[in-house]
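The figures that follow rest on heavy atoms only: side chains count, while hydrogens, waters and symmetry mates do not.
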Amino acid sequence: MIDILLTRVAAATSIVALVLGFTDVFSSIELGSGGRSVLKITLAISFSIALLSLFYGNVVYQLTRIGQLKRHSGDSEDNSDRRSFEEIVCSPTVSILVPSYKEQVPVVMQTVISAALSEYPNRRITLLLDDPPQCAGADLLALSATRDLINELDETFAAAADRFRAAERDYLERTSSGSVAISRERQLIGALFDDAATVVECLGRRYAEFSQPAFAHADELFAREVIERLIREHRGTAAVLRNGKSIDAARLQLEYRRLAQLFAVPIGIFERKRFANLSHAPNKAMNLNSYIGLIGRTFRISKSANGALLLLETPASEAEFKVPNADYIITIDADSIILPDYVRKLVSIMEADRRIAIAQTPYSAYPGPPTVLERVAGATTDIQYLIHQGFTAYNATFWVGANAVLRREALDEIKTMTEERGHPIPIFIQDKTLIEDTGSTIDLAARGWLLHNHPERLAFSATPSDFGALVIQRRRWANGGLIIFPRLLELWRQSPNAGLLETIIRSHYLLSPALANIGLLLLLIIPFGSEFSSIWFPVAAAPYYLLYGQDLKRTGYKWRDLLRVYALTLLLVPVNLAGVYRSLEQMVTGRKSPFARTPKIEGRTAAPASHLLALCALTATAIFSAGMNLWSGNLLFFAFCGVNAGFFLYGFISLIGWREAAVDITAGLTLRISTRLASATT
């Protein structure tokens, strides 16, 4: 309650200080006459837009912080999902989908094993392999290795499941014949749980053979929170069953049933690009849509006149390819892992509330990254985790696509149809923008569905380890909010359930890449005079940074990481504005931006020369503005521009690297010049 009170005081302080600051500014402005008056009015409007754009984020952050603290202040929300194994034996069916495109084998293996080891019956896993099936060289070797891996994992889990199912059948036969001796059965089932621990241990050793140094921090968490945790739990269960004097026949039957379900998870591959009548659009949304559209149906494989493979729906008795039905669909990115109780807890929440279309635990960053940039980018991810928890307090949850449980009924309700290469294509998850999860959120909310963020950290995902990869990821994230925003306004206008606070918070999520970065840019490049200075503006900003630093501490970081996060925020200004520009371009031309996947490689990804040159220009502008403000005696703006110039320089040195930036700029300019020369000669 103290944290909530402090946040409310901080929010009130920010609002009062902002009002006092604007009062100071507007009372000191002398309009004059003619062109000078127009200039002053233009400066006043620009200044107000810049400050209010940044302050909007300040207020929303504090609102979501209050919501998150309220949700976590009690344990009531955690109780609904703690169902025992007895209650989940007859659970709904779950299809776990892992979309993958040219992922390294260790990345895929870690994700699939973490999903397969979830303790939940009636589940199956499908790797949606999106690599081009007609490839050669290194690509073909990687594709074959991934296929072999999935076959190996399927066989490993099937063999273990068969053994434990046979043990359950033997026990049931002994029960029916009346030859059950409880003391002997306790020893037998204890040994079987030890065997289950050994299976998990072997999976961990097998993964270690693929492990690479670049993923060491992810491997450490996977080993500790999945492999070692399950080994401990299974061996602990074995000890309890052996030594528990109160173990009776009913408990034994339950534990045999549990054993039979532990590894009973079919693991397969689906490659949509093998079939000409499925979508080949190069994005994750259409990869998922292609498979979701097949769920619960049966097909035969046919060939067209030109030899292309087709999937044609046919009665089950004639089918060559069957896709089992599913009540829930879980999507997990191929660079993510889920903890063993993820499926059980989230499905239980959705079963308890039939209005929930999507339940998720927004992913956390892998702890202990090897680079400063990855640590800082991970810090922003972990702060976003807290913010998303606050979203749920205001019914403003957004689907975050790295992992989620989707209700099949809800997806069917937002289904639309399109056409691709003359074939009808179902669309459940819209691919109109590069942030398909955000767009689908509005589709679901418009039909009255709820989305829910569970407060436990049950999923982890990779963070880009270099600036080049981070540029690709964050530019994609910044592209689409402006396109979706009119649909949010339409939802607010038409839906009586969409409250004002919900709309304000959702609007900021969509508009922040434009508002925050344009606001910061205006303050850096426009020479506002001394009459726009007021000490109240830093006072209004201070609570935001103090609370942000406190939240970094809560999530395992240090206060100094607050300075690094701010430096990264400045480095991403051109990146976010590039994403905003792509959104505006799509709104004008109607052409969708190409989907760019975040690289996950051992080597470094080159950053675009244009972004690095833009950062150089911003740094020079900040230095020049600091000098001009010092010359004119405007000390407040001198401090603002000087501090930002220092953070730009720090970011170049520590988060990008001068040498890496120089190499990328040189390579980018050389490539552009050679391309233009080649086009001129042709």
Q.
Looking at E201 and R235, is any side-chain nitrogen of the basic one under 4.0 Å from a carboxylate oxygen of the acidic one?
A. yes

Q) Do the ring planes of F164 and F263 sit parallel (below 30°), tilted (30 to 60°) or perpendicular (above 60°)? A) parallel

Q.
Which residues pass the side chain to side chain contact (heavy atoms under 4.5 Å, CB included) test with R206, not counting sequence neighbours?
A. M109, E152, E209, F210

(Q) For the backbone of A116 and the side chain of R123, can you confirm whether one donor and one acceptor N or O come within less than 3.5 Å of each other? (A) yes

Can you give me every donor-acceptor pair (side chain of residues 409-416, partner residue at least two apart or in another chain, under 3.5 Å) with its distance?
residue	atom	partner	partner atom	Å
D412	OD1	R408	NE	3.3
E413	OE1	W449	NE1	3.3
T416	OG1	Q430	NE2	3.3

Q) Do you know the tightest heavy-atom contact between L143 and E271? A) CD1-OE1, 4.2 Å

Q) Where is the tightest heavy-atom contact between D431 and N283, given as atom of each residue plus distance? A) OD2-ND2, 3.3 Å

Q) Side chains of Y207 and Q110: donor-acceptor distance under 3.5 Å anywhere? A) yes

Q | Within 6.0 angstrom of R355 CZ, more than 12 heavy atoms from elsewhere | A | no

**Q.** Distance, nearest 0.5 Å, that separates OG1 of T463 from CD of Q473
**A.** 7.0 Å

Q: Assess whether side-chain contact (heavy atoms from CB on, under 4.5 Å) is satisfied between E119 and R258, documenting all intermediate values.
A: CA-CA 9 Å; E119 188 170 352; R258 181 183 172 198; 2.4 Å; yes

Q | T237 side, atom OG1; F193 side, atom CZ - distance, nearest 0.5 Å | A | 5.5 Å

Q) Are D131 and R147 close enough for a salt bridge, meaning some N to O gap below 4.0 Å? A) no

Q) Under 3.5 Å, side chain of S114 to main-chain N/O of T111, donor-acceptor pair present? A) yes

**Q.** From L450 atom CG to R354 atom CZ, the distance as rounded to the nearest 0.5 Å
**A.** 13.0 Å

(Q) Using the ring-ring contact (aromatic ring centres under 6.0 Å, His included) criterion, which residues pair with F398? Sequence neighbours excluded. (A) Y509

Q) Do the charged groups of D162 and R165 touch, with an N to O distance under 4.0 Å? A) yes

Q: Say whether E351 and Y328, considering side chains only, have a donor N or O and an acceptor N or O under 3.5 Å apart.
A: yes

Q. Between R475 (side chain) and R582 (backbone), is there a donor-acceptor pair under 3.5 Å?
A. no

Q: Given side-chain contact (heavy atoms from CB on, under 4.5 Å), test L192 with Y256 step by step and report yes or no.
A: CA-CA 9 Å; L192 288 170; Y256 270 110; 3.6 Å; yes

(Q) In the structure I gave you, are the side-chain heavy atoms of L153 and I113 within less than 4.5 Å of one another anywhere? (A) yes

(Q) Checking E420 against S279: is there a side-chain donor and acceptor pair closer than 3.5 Å? (A) yes

